[in-house]
Amino acid sequence: MIKNSLFGGTETNCGRVQRAEERDGVAFEERVYDGGQYATMEVEGKPFDEASKEAVLQLLKYVGGSNDKGLGMGMTAPVSITAYPQEDGSLQPRVKVLLRIPSQYQADPPSPTEATIRLEEREGLTVYSTQFGGYANEAEYVAHAAKLMSALGEEATFHRDFYLCNGYDPPMKPYGRRNEVWLVKKD
């Protein structure tokens, strides 16, 4: 049951912009995000788009009231999907989807009733982010990640074994959609 996770308010976390730049036709920002509590779900053995959809639907049920308190918490954005690239740039058949717990529930989030959903305390992070519109899929995320990596060049230090694919909009929003790829900066 999805109560207000789709139709209630949405809490958006855009981070704090440290700098904005454009290189080789690729606009990107360096942003800082605070840590916090996240609901997460991992899916392995399925293509990126199928695995992502499965995990997102389960997480929407959790924030919509499928939890030990029956609380419809509302939605947060973005929904972040951890992608794991292979040597050739394509993605491994596994994802980890993360949904930040809304601020008012951060101190004491309800427990999931679905065994595959975990609650995690995640540390803050700094990312290199590029934005694009439309309905995002694996091919779009891979292409934008490759462009961002190329634009950053060799001097930027970031994790190359994963990146985050982010969606900000519900599926029923046809125009003005916001998607981002985040490369996580190494300290």
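- Ion pairing between a basic and an acidic side chain is recognised when a charged N comes within 4.0 Å of a carboxylate O; Arg100 and Asp34 show no such pairing.
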- Item | Full working for side-chain contact (heavy atoms from CB on, under 4.5 Å) between Glu114 and Ser66 | CA-CA 8 Å; Glu114 172 62 47; Ser66 291; over 6 Å; no

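- Cluster membership check: Val127 does not share its hydrophobic cluster with Val79, using side-chain heavy-atom separations under 4.5 Å among Ile, Leu, Val, Met, Phe, Trp and Tyr.
- Note on ring orientation: taking the six-membered ring where Trp is involved, the planes of Phe132 and His144 are parallel (angle under 30°, cut-offs 30° and 60°).
- A heavy-atom distance below 4.5 Å is found between the side chains of Thr76 and Leu99.
- One N or O on the side chain of Ser52 and one on the backbone of Phe48 form a donor-acceptor pair closer than 3.5 Å.
- Between Lys46 and Glu54 there is a salt bridge, since at least one side-chain N of the basic residue sits less than 4.0 Å from a carboxylate O of the acidic one.
- Here Glu138 contributes atom CD and Asp49 contributes atom CG; the two are 5.5 Å apart, rounded to the nearest 0.5 Å.
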- Message: For a side-chain contact (heavy atoms from CB on, under 4.5 Å) check, start with the C-alpha distance between Val26 and Met149, then their side-chain angles and the critical distance, and finish with the verdict.
- Response: CA-CA 10 Å; Val26 178; Met149 287 178 198; over 6 Å; no

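- When all heavy atoms of Gly134 and Asn179 are compared, the pair lying nearest together is O-ND2, 2.8 Å.
- Side-chain atoms of Tyr163 and Pro85, non-hydrogen and from C-beta on, do get closer than 4.5 Å to each other.
- Pairing each heavy atom of Tyr135 with each of Pro171, the nearest pair is OH-O, 2.9 Å.
- Remark: Gln86 CD is packed, more than 12 non-hydrogen atoms of other residues, nucleotides or ligands lying under 6.0 Å away.
- Looking at Cys14 and Arg178, their side chains come closer than 4.5 Å, going by heavy atoms from C-beta outward.
- Panel note: side chain Lys61, backbone Gly64; no donor-acceptor pair is recorded below 3.5 Å.
- The pair Glu120-Arg118 fails the salt-bridge criterion, with no side-chain N (NZ, NE, NH1 or NH2) lying under 4.0 Å from an Asp/Glu carboxylate O.
- Taking all atoms of both residues into account, the shortest heavy-atom contact from Ala20 to Glu29 is CB-CG, 4.0 Å.
- For the atom pair OH (Tyr105) and CD (Glu11), the distance works out to 10.5 Å, reported to the nearest 0.5 Å.
- Considering CD of Gln37 and CD of Glu121, their distance stands at 4.5 Å, rounded to 0.5 Å.
- In this structure the side chain of Ile117 reaches within 4.5 angstrom of the side chain of Leu59, judged on heavy atoms.
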- Message: Evaluate Glu180 against Tyr168 for side chain to side chain donor-acceptor pair (under 3.5 Å), listing each step before the verdict.
- Response: CA-CA 9 Å; Glu180 295 177 345; Tyr168 285 79; 2.8 Å; yes

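- Tyr141 and Leu152 fall within the same hydrophobic cluster, defined by Ile, Leu, Val, Met, Phe, Trp and Tyr side-chain heavy atoms under 4.5 Å apart, directly or through other members.
- Remark: side-chain polar atoms of Asn13 are paired, donor with acceptor, to backbone N or O of Gly15 under 3.5 angstrom.
- Between the side chain of Arg23 and the main chain of Ala151, a donor-acceptor pair closer than 3.5 Å is present.
- Residues Glu30 and Tyr128 share a closest heavy-atom pair of OE1-CE2, 3.7 Å.
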- Message: For Leu125 and Lys185: C-alpha separation, side-chain torsions, deciding distance, then whether side-chain contact (heavy atoms from CB on, under 4.5 Å) applies.
- Response: CA-CA 7 Å; Leu125 49 91; Lys185 187 175 180 179; over 6 Å; no

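- By the neighbour-count criterion of 12 heavy atoms within 6.0 Å, atom CD of Glu87 is sparsely surrounded, having that number or fewer from other residues, nucleotides or ligands.
- Heavy atoms of other residues, nucleotides or ligands lying less than 6.0 angstrom from CG of Asp187 number 12 at most.
- Taking each heavy atom of Gly89 and Val142 in turn, the nearest pair found is O-CG1, 3.6 Å.
- Side-chain atoms of Asp68 never come within 3.5 Å of backbone atoms of Pro110 as a donor-acceptor pair (strictly under, hydrogens ignored).
- Leu60 and Val95 fall within a single hydrophobic cluster, where Ile, Leu, Val, Met, Phe, Trp and Tyr side chains are chained together by heavy-atom contacts under 4.5 Å.
- Hydrophobic clustering (ILVMFWY, side-chain heavy atoms < 4.5 Å, transitive): Leu98 and Phe162 are in one cluster.
- Checked by atom type and distance alone, the side chain of Arg177 pairs as donor or acceptor with a backbone atom of Pro170 at under 3.5 Å.
- Using a 4.5 Å heavy-atom threshold, the side chains of Trp182 and Pro78 count as touching.
- Of the possible donor and acceptor atoms, none in the side chain of Tyr84 sits under 3.5 Å from a partner among the backbone N and O of Lys96.
- Counting heavy atoms from C-beta outward, Leu164 and Ile81 have side chains that stay 4.5 Å or more apart.
- The OG atom of Ser80 sits 6.5 Å away from atom OH of Tyr38, with the distance rounded to the nearest 0.5 Å.
- Within the 4.5 Å cutoff, the side chain of His159 has no heavy atoms near those of the Leu183 side chain.
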- For side-chain contact (heavy atoms from CB on, under 4.5 Å), just list the numbers for Phe28 and Glu21, CA-CA rounded to whole Å, side-chain angles, deciding distance to a tenth of an Å, and then say yes or no. CA-CA 6 Å; Phe28 65 91; Glu21 212 174 303; 3.8 Å; yes

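- Leu71 has its side chain out of reach of Tyr62: every pair of non-hydrogen atoms, C-beta onward, lies at least 4.5 Å apart.
- Here Arg16 contributes atom CZ and Thr126 contributes atom OG1; the two are 8.5 Å apart, rounded to the nearest 0.5 Å.
- To the nearest 0.5 angstrom, Asn166 atom CG is 11.5 Å from Thr130 atom OG1.
- Contact detail for Ile101 and Ala39: the closest heavy-atom pair is CD1-N, 3.9 Å.
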